Protein chains: 2
Amino acid sequence: MQRMTRQRAAVLELLSDQGEFRSAHQIHESLTARGQAIGLATVYRTLQGLAEVGEIDVLRRDGETTFRRCERRAHHHHLVCRQCGLTVELQGDLVERWARELADLNGFVEVEHTLEFSGLCANCAKGGS
Amino acid sequence: MQRMTRQRAAVLELLSDQGEFRSAHQIHESLTARGQAIGLATVYRTLQGLAEVGEIDVLRRDGETTFRRCERRAHHHHLVCRQCGLTVELQGDLVERWARELADLNGFVEVEHTLEFSGLCANCAKGGS
DNA sequence: TTATCTGCAAAGTATTTGCATAATG
DNA sequence: CATTATGCAAATACTTTGCAGATAA
């Protein structure tokens, strides 16, 4: 049903390398930079297909959709500098616990969540390099 | 700074009538249907202004942004049923506290966050109407 | 009066789709 | 070889912006 093409393999490999959520545009750019010829439309179609099969995670951010290869590793959150992109991986599961509590309290099931922090890192805050 | 124009009043009134989250397009359509002449661009600009002042809540759904008048002025989060759109406003500021803590810990400033929970409400979970 | 707001249309993004060609299983 | 995927460009969907004229305070 889903054929393994050069492009599909390239997208999967890229997503494995970059553990983070990336937009279709970023993925296309990275692949092109690596010398992998691939159309933007194909990137979109491939990502859509991979998401349907559950190979990758989808996250809506601002106005765009981002994708990441699913890992068994526990999900976590990020603190991102909105100027330079510096990213800190956060620990702690208080949101996860809150989610569970909310599910019980409101009769919801399969409760998922998205959480992200953004700010200015120390360097960028003081005029940064 | 923000002038009360006929259009602004109309948007506010509509949002008060319809308690649920509505997209700019839906709002524009409803107003036009009511005989209120207003440009789509104005709807967007007005909604943006109202959101900045905290008069309305913003929620990103699929590819579009939706708005709803909120009773509670303080910023808060939502638990949304991904099938029927039922929305519960959440209370508690544990994420806000966490954000403050993270800022200190990592030397970030102006830390903002986005958090949203989605799941299936009781009704939809059992096959719902 | 004058700073702000409005409408329109044009410009931007992000994403999807039609179709002829290429490549997979 | 029969499908399914690809690339391109054109098409969509949503949102923002430039600007001249209108309007609230």
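FYI, side chains are in, hydrogens and waters are out, and symmetry mates aren't considered; it's all heavy atoms of this structure. The structure displayed is predicted, hence computed values, not measured ones. Lettering of chains follows the sequences in order, A, B, ..., and the numbering in each one begins at 1.
Atom P of nucleotide C:dT6 and atom CG of B:Leu47 are separated by 11 Å, given to the nearest angstrom. What separates OH of B:Tyr44 from P of D:dT15 is a distance of 3 Å, to the nearest Å. One atom, CD of A:Gln48, and another, P of C:dA14, lie 17 Å apart when rounded to the nearest Å. Rounded to an integer number of Å, the gap from NE2 of A:His28 to C1' of C:dT16 is 15 Å. Look at CD on B:Gln2: it is 17 Å from P on C:dA3, rounded to the nearest Å. Put simply, CZ on B:Arg8 is 10 Å from P on D:dA25, counting in whole angstrom units. When rounded to the nearest whole Å, the span between CZ of A:Phe21 and P of C:dA14 equals 18 Å. The separation between A:His25 atom NE2 and C:dG12 atom P is 15 Å, rounded to whole Å.
In this structure, B:His78 has its ring center under 6.0 Å from that of B:Phe21.
Between B:Asp17 and B:Arg34, at least one side-chain nitrogen of the basic residue sits less than 4.0 Å from a carboxylate oxygen of the acidic one, meeting the salt-bridge criterion. Look at B:Arg22 and B:Glu64 and you find no salt bridge, because none of the NZ, NE, NH1 or NH2 atoms lies under 4.0 Å from a carboxylate O.
One finds no side-chain N or O of A:Thr65 lying less than 4.0 angstrom from the OP1 or OP2 phosphate oxygen of C:dA14.
Of the candidates C:dT15, C:dC5, C:dA9, the closest approach to any side-chain atom of B:Thr5 belongs to C:dC5. Across D:dT17, C:dT15, D:dG7, the shortest atom-to-atom separation from the side chain of A:Gln7 is found for D:dG7. The side chain of B:Met4 lies closest to D:dA25 when the candidates are D:dA25, D:dG7, C:dT15.
Side-chain atoms of B:Arg3 come within donor-acceptor range of the base of C:dA3, with a qualifying N/O pair under 3.5 Å.
Mapping B:Arg60 and A:Arg6 onto DNA chain D via the closest heavy atom, the residue that lands nearer the 5' end is A:Arg6. Between A:Ala24 and A:Arg45, the one whose closest nucleotide on DNA chain C sits nearer the 5' end is A:Ala24.
Aromatic ring pairs are classed by plane angle as parallel below 30°, tilted from 30° to 60° and perpendicular above 60°; the pair B:His113 and B:His77 is tilted.
For the pair B:Leu90/A:Trp98, a side-chain contact is recorded, criterion being any heavy-atom separation below 4.5 Å from C-beta on.
Residue B:Ser23 is classed as having no contact, given no heavy-atom separation below 4.0 Å to the nucleic acid.
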